[in-house]
Amino acid sequence: MNKIIILGCGYIGTNLANFITDNYNDQVIILGIENEYTEYLNSKVEFISKRIEQINYEDVNLFKNAIVIDAVGNTNATDDIKKSSTIFLQNCTSKIELLNKFLTLKIKKYIFLSSGGTVYNDSIISHKENENVEPRNIYALEKVIIEDYLKIVHQEIETFDYLVLRLANPYGGITSRYKKQGVIDVTISKILTHEKLELYGELNNVRDYIYIDDVSNYIYQLGISKHKNDIYNVGTGVGISLKDIFSKIEKAYNVKIDYVLKQINTINIKSNILDMTKTRNATNIYEVNSVDNGINLIKQYNKF
């Protein structure tokens with residue numbers, strides 16, 4: 001049995017904790033503060049109400065030999081530098097302080113959830129993990145700084161093992177109607193509440209969308225594996241335009257999406273698709289939900 005500690009009880013943390021306990025016989029502990037997601041945690045998940053910054057050196061018995069999955073994030077991918085520069089600095093500082101604590105808490109492996117959707121450049125060719133990153137906004141810059149910091153930590157302290165997982169665009173599962181990121185979930189939420197969608201970006205933008213259970217499965221399999229001190233993409237390898245996403249949602253819900261285009265100050269990335277060859281070979285997971293299947297699952301198990 002593995003001991004898995006998830007930091008952050010938000011969208012990804014909650015869905016990940018439930019997925020693992022629903023499918024595997026592992027001890028799963030989630031640390032965070034009570035919010036709209038905590039009520040959806042299943043009974044097999046141990047919830048500890050604790051702010052991440054409150055983790056200290058006395059928590060060694062809790063973290064010893066644990067696989068720690070860091071699902072904490074506060075910066076919004078659409079925020080510009082004027083809006084988020086202060087929180088960006090705070091996030092980097094607090095993350096580095098947290099990592100320094102983990103150096104003495106005897107954890108087994110630290111897993112950092114980065115952003116495959118923003119750290120790469122604009123390209124119609126799918127992105128491989130070994131290519132140069134090119135962060136285009138402050139959200140992506142924060143991810144890249146922590147990625148590089150982890151490399152340096154391991155170079156100096158070889159006993160510290162980590163993985164960087166660059167996530168595409170997760171959607172589905174347990175979501176909050178207050179969720180601001182994730183165009184599929186936000187669009188469906190607006191449809192169900194009869195509100196107009198504020199759209200940031202362009203209809204021809206192409207992205208890699210992956211259902212949250214598939215994200216969770218990749219994270220879990222990589223987490224418990226022997227793979228370490230490396231970077232893996234987590235997506236589908238398939239790009240779909242926002243226009244086509246809208247068409248699929250409209251067909252599933254038999255509605256016409258009411259939206260208004262909003263200007264964003266960050267650089268618009270027109271195409272971003274992740275190459276999944278390395279991750280599939282490492283996990284032996286070759287089949288994931290199509291977007292059509294994912295939207296139907298949302299419709300079937302909607303929790304808005």
Side-chain angles (χ1 to χ4, degrees), residues 4 6 10-24 26 28 67 69 71 77 111-120 123-129 163-175 179 181-188 205-225 227 230-249 251-252 269 271-303:
I4 299 173
I6 300 171
Y11 170 62
I12 292 179
T14 299
N15 281 281
L16 176 61
N18 284 354
F19 176 86
I20 296 172
T21 51
D22 283 342
N23 293 279
Y24 302 99
D26 290 301
V28 177
I67 299 168
I69 303 172
I111 299 175
F112 177 61
L113 303 185
S114 187
S115 172
T118 62
V119 301
Y120 296 112
S123 175
I124 60 173
I125 302 173
S126 56
H127 297 290
K128 295 181 180 292
E129 293 88 343
L163 281 179
V164 170
L165 306 186
R166 291 175 177 164
L167 274 56
N169 296 270
Y171 68 94
I174 298 168
T175 60
K179 189 169 182 270
Q181 295 192 73
V183 67
I184 294 178
D185 292 327
V186 173
T187 300
I188 293 175
N205 285 353
V206 173
R207 296 290 184 270
D208 189 334
Y209 299 93
I210 179 168
Y211 191 71
I212 189 63
D213 283 357
D214 297 317
V215 174
S216 299
N217 198 19
Y218 276 126
I219 294 173
Y220 175 77
Q221 295 298 338
L222 288 166
I224 66 170
S225 73
H227 300 289
D230 207 346
I231 300 172
Y232 292 91
N233 288 332
V234 177
T236 66
V238 177
I240 304 177
S241 72
L242 186 54
K243 182 179 180 180
D244 287 340
I245 290 292
F246 278 7
S247 177
K248 293 176 185 294
I249 294 174
K251 181 179 179 180
I269 298 175
S271 180
N272 179 280
I273 309 166
L274 303 185
D275 187 296
M276 288 297 293
T277 305
K278 180 179 177 181
T279 303
R280 288 170 180 155
N281 291 338
T283 60
N284 293 320
I285 301 173
Y286 297 96
E287 294 186 7
V288 295
N289 285 286
S290 67
V291 169
D292 291 294
N293 287 342
I295 292 172
N296 286 330
L297 286 171
I298 295 174
K299 188 176 180 180
Q300 185 177 356
Y301 300 109
N302 214 303
K303 293 188 180 294

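Treat the numbers as computed from the prediction; the structure is a model and nothing was measured.
- The distance from atom OG1 of T118 to atom CG of N272, rounded to the nearest 0.5 Å, is 8.0 Å.
- Atom CD1 in I212 sits 7.5 Å away from atom CG in L16 (nearest 0.5 Å).
- Heavy atoms only, all atoms of each residue included: V119 and S114 are closest at CG1-OG, 4.2 Å.
- Separating the OG1 atom in T14 from the CD1 atom in I6 is a distance of 8.5 Å, to the nearest 0.5 Å.
- A ring-centre distance under 6.0 Å is not found for Y220 and F19.
- Closest heavy-atom contact between G223 and I67: O-CD1, 3.5 Å.
- Listed for the K248 side chain is no donor-acceptor partner under 3.5 Å among the backbone atoms of V291.
- Rounded to the nearest 0.5 Å, atoms CD1 (I184) and CD1 (I295) are 5.0 Å apart.
- Across all their heavy atoms, L167 and L274 have their closest contact at C-CD1, 4.2 Å.
- Counting heavy atoms from C-beta on, the side chains of R207 and I269 come closer than 4.5 Å.
- For the side-chain hydrogen bond (donor to acceptor under 3.5 Å, both in side chains) with T236, the lone residue among D208, D214, N289 that qualifies is D208.
- Minimum interatomic distance between Y24 and Q221 (heavy atoms only, all atoms of both residues): OH-NE2, 2.9 Å.
- D230 is listed as a side-chain neighbour of L163, based on a closest heavy-atom distance under 4.5 Å.
- Y11 has its side chain out of reach of Q181: every pair of non-hydrogen atoms, C-beta onward, lies at least 4.5 Å apart.
- Across all their heavy atoms, A168 and G235 have their closest contact at CB-CA, 3.9 Å.
- Donor-acceptor pairing under 3.5 Å is lacking for the side chains of T279 and N233.
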Determine, stepwise, if the pair D275 / T277 fulfils side chain to side chain donor-acceptor pair (under 3.5 Å). CA-CA 6 Å; D275 187 296; T277 305; 2.9 Å; yes

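- Rounded to the nearest 0.5 Å, atoms OH (Y120) and OG (S126) are 10.0 Å apart.
- Smallest separation of non-hydrogen atoms from V215 and V234: CA-CG1, 4.1 Å.
- Side-chain contact between I298 and D185 is present, with heavy atoms from C-beta onward closer than 4.5 Å.
- To the nearest 0.5 angstrom, I174 atom CD1 is 13.0 Å from I12 atom CD1.
- Using a 4.5 Å heavy-atom cutoff, the side chains of I20 and I4 are in contact.
- With sequence neighbours left out, the ring pair (Phe, Tyr, Trp, His ring centres under 6.0 Å) criterion links Y171 to Y211.
- Residues L165 and Y218 are not in side-chain contact: their nearest non-hydrogen atoms beyond the backbone lie 4.5 Å or more apart.
- The closest side-chain heavy-atom distance from Y232 to T283 is not below 4.5 Å.
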Chi angles and distances behind the side chain to side chain contact (heavy atoms under 4.5 Å, CB included) call for I188, T175: CA-CA 11 Å; I188 293 175; T175 60; over 6 Å; no

